[in-house]
Amino acid sequence: MNRKLLKNREYVYLLSAQTVSNLGDWLNILALFALIGLKWEASPLAISIAMLCVAVPSIIFGSFAGTIADRFDRKTLMVIADLSRAAVVLGVIVSTELWQVYILLCVKSVFSSLFEPAKEGKLKEIVSDDLMQPAVATSELVNNGAKIVGPILSGVLVAGIGIQWSFYLDSLSFVLSALLLIGVPRTKRVIEAKKAENKAGSGFGRQFKDGFAFLKQKPVLLTGLFVFSLVMLVLQISDSQIIILLRQIQGDPVNILGWMMSGSGAGVIAASMILNLKEIRSYLRALSLSSIGLGMGYMFAGVFIHLPVIWLSLLYPISGVITGFCAGMAVIPFNVMAQKMTPDRYTGRVFGTINSMTTLAAVIGMLSGGLLSEAFGVIFTYIFAGSLLVLVGFIVYSLRRRLQGGDVHAESHTRAYRKAES
């Protein structure tokens with residue numbers, strides 16, 4: 001981690017809370033599927049419904065939650081969200097019917113939707129722009145470190161001491177996260193700005209609309225959101241259909257999948273470490289090149305599926321590293337761009353809208369992946385989705401200079417706004 005960030009006590013507390021919470025979430029995922037699949041012997045459709053219960057509330061509630069995060073104290077909202085999720089996870093353990101689990105998953109997703117824009121807004125409050133890139137890169141490093149470690153620990157726990165303990169630990173992780181957030185203070189300047197805005201007569205409905213209006217005024221940010229949403233859509237097409245693609249391999253597709261997943265996590269971590277040290281000069285260039293690289297990776301995955309198993313055992317894990325790296329090089333630049341271009345008091349609304357858009361893209365990806373594979377075959381699905389990313393990447397790369405004229409204007413506008421507030 002950047003040494004200057006280590007000296008920022010508020011950021012360290014926020015990152016520590018995120019680390020504990022993320023690890024608990026990934027501990028919970030394997031246990032949840034084991035519970036639904038083993039206790040209730042759920043069908044594939046039932047498991048898909050569980051996934052939608054996690055995703056759909058984020059789409060519906062995302063922008064509304066962002067408005068709440070801009071209107072009330074963000075630290076308090078995060079603590080409430082953590083403690084509420086701790087209670088909901090315990091509720092899953094005592095559930096007696098599958099529909100009860102569906103309801104609890106929806107409730108947990110609502111509180112997660114509230115936590116995310118509040119966290120992004122708090123990050124904006126406590127980290128200066130010159131340290132924003134390493135802060136976001138470190139956050140992404142934590143996310144993917146938990147993604148690798150969490151399922152492994154969960155597998156050990158489920159096999160060794162039972163499914164319930166994974167849920168107990170997930171609940172405990174939210175409680176610990178809430179305790180760590182006590183070390184994150186309120187930010188006086190932002191609170192005063194909110195009070196001034198409320199006195200000026202800006203009601204809740206007006207603030208809700210402002211998040212959308214702000215994005216429309218920033219062509220660079222809007223273009224970045226479009227590319228990033230497309231990346232999330234294709235990632236979900238890939239994730240939902242990868243086992244269907246690997247089923248065509250004569251050998252052990254599960255083993256290859258495991259190495260691909262590990263390679264993907266390692267690729268994202270590598271991108272996070274690089275961007276922790278190296279400054280991004282052009283956000284759109286980083287996004288477009290990442291889109292091209294990711295798209296080519298998925299195209300090759302479809303084209304090379306009929307190679308001998310010995311080659312696939314080597315090429316697919318390498319492709320996992322490359323696609324993971326490109327995904328990291330898309331996620332981090334976009335988040336840094338959104339943080340830097342968004343004034344403090346708009347952060348919750350903007351990130352709430354971003355979360356809704358990207359989650360919607362992910363759900364569309366889950367559904368369209370299955371439909372495309374059913375209609376045209378899984379190989380076509382991978383080649384088509386990859387080609388779409390490559391095409392969009394080339395278009396954005398060729399137009400980046402024209403769009404970045406708005407980037408300069410937006411950054412100067414943001415600096416002027418902050419100067420007027422301070």
Side-chain angles (χ1 to χ4, degrees), residues 48 51-52 54-56 58-59 140 143-144 147 222-246 248 257 260-261 263-268 271 283-305 315-335 337-338 354-399:
S48 296
M51 294 175 66
L52 290 174
V54 174
V56 172
S58 297
I59 301 170
E140 198 61 31
N143 285 340
N144 284 276
K147 183 178 178 180
L222 199 59
T223 302
L225 177 58
F226 170 73
V227 177
F228 184 59
S229 297
L230 184 62
V231 167
M232 296 304 296
L233 187 149
V234 173
L235 280 172
Q236 288 304 318
I237 289 177
S238 167
D239 288 349
S240 65
Q241 299 302 304
I242 184 62
I243 195 62
I244 307 299
L245 180 70
L246 295 181
Q248 302 186 49
L257 176 60
M260 283 183 70
M261 292 174 65
S264 177
V268 177
Y283 300 115
L284 287 185
R285 183 174 64 181
L287 270 170
S288 58
L289 291 178
S290 300
S291 177
I292 293 169
L294 195 62
M296 291 180 68
Y298 289 135
M299 288 171 60
F300 291 149
V303 170
F304 293 156
I305 188 64
L315 291 175
Y316 271 31
I318 292 174
S319 74
V321 174
I322 294 171
T323 54
F325 180 81
C326 290
M329 295 297 285
V331 172
I332 296 169
F334 176 72
N335 282 337
M337 176 173 65
I354 289 171
N355 288 339
S356 292
M357 293 295 294
T358 53
T359 305
L360 176 61
V363 171
I364 293 172
M366 293 177 198
L367 298 175
S368 60
L371 293 173
L372 284 170
S373 294
E374 286 284 346
F376 304 105
V378 68
I379 295 176
F380 171 86
T381 299
Y382 266 75
I383 294 174
F384 172 76
S387 301
L388 184 62
L389 268 185
V390 171
L391 176 63
V392 170
F394 273 118
I395 292 172
V396 173
Y397 185 84
S398 63
L399 297 176

Please identify each residue that fulfils ring-ring contact (aromatic ring centres under 6.0 Å, His included) with [X], with sequence neighbours left out.
{"X": "Phe300", "result": "Phe304"}
{"X": "Phe334", "result": "Phe228"}
{"X": "Phe376", "result": "Phe380"}

Item to check | Heavy-atom side-chain contact between Ile59 and Val363 under 4.5 Å | outcome: yes
Working to the nearest 0.5 angstrom, can you tell me the gap between [X] [atom1] and [Y] [atom2]?
{"X": "Arg285", "Y": "Ser290", "atom1": "CZ", "atom2": "OG", "value": "11.0 Å"}
{"X": "Ile364", "Y": "Met232", "atom1": "CD1", "atom2": "CE", "value": "12.5 Å"}
{"X": "Leu235", "Y": "Leu389", "atom1": "CG", "atom2": "CG", "value": "8.0 Å"}
{"X": "Leu289", "Y": "Leu284", "atom1": "CG", "atom2": "CG", "value": "10.5 Å"}
{"X": "Phe394", "Y": "Ser291", "atom1": "CZ", "atom2": "OG", "value": "9.5 Å"}
{"X": "Met337", "Y": "Leu225", "atom1": "CE", "atom2": "CG", "value": "8.5 Å"}

Checklist entry - Leu245: what forms a side chain to side chain contact (heavy atoms under 4.5 Å, CB included) with it, not counting sequence neighbours? => result Ile242, Gln248, Ala301, Ile305, Tyr316, Val378, Ile379, Tyr382
Checklist entry - Is there a donor-acceptor contact under 3.5 Å from the side chain of Ser229 to the main chain of Ala361? => result no
Item to check | Pairs flagged by side-chain hydrogen bond (donor to acceptor under 3.5 Å, both in side chains) wherever residues 355-372 is involved - sequence neighbours left out | outcome: none
Checklist outcome for this item: side-chain hydrogen bond (donor to acceptor under 3.5 Å, both in side chains) pairs touching residues 319-335, sequence neighbours excluded, are none
Checklist entry - Taking all non-hydrogen atoms of both residues, which atom of Ser288 and which atom of Gly393 are closest, and how far apart? => result CB-O, 3.2 Å
Checklist entry - Cut-off 3.5 Å, side chains only: do Ser373 and Gln241 have a donor facing an acceptor? => result yes
Next on the checklist: Here's a test for you: under side-chain contact (heavy atoms from CB on, under 4.5 Å), which of Val396, Leu287, Val392, Val231 qualifies with Phe226?
Outcome noted: Val392
Item to check | More than 12 heavy atoms from other groups under 6.0 Å of CE on Met299 | outcome: yes
Item to check | Met260, CE atom: more than 12 neighbouring heavy atoms under 6.0 Å | outcome: yes
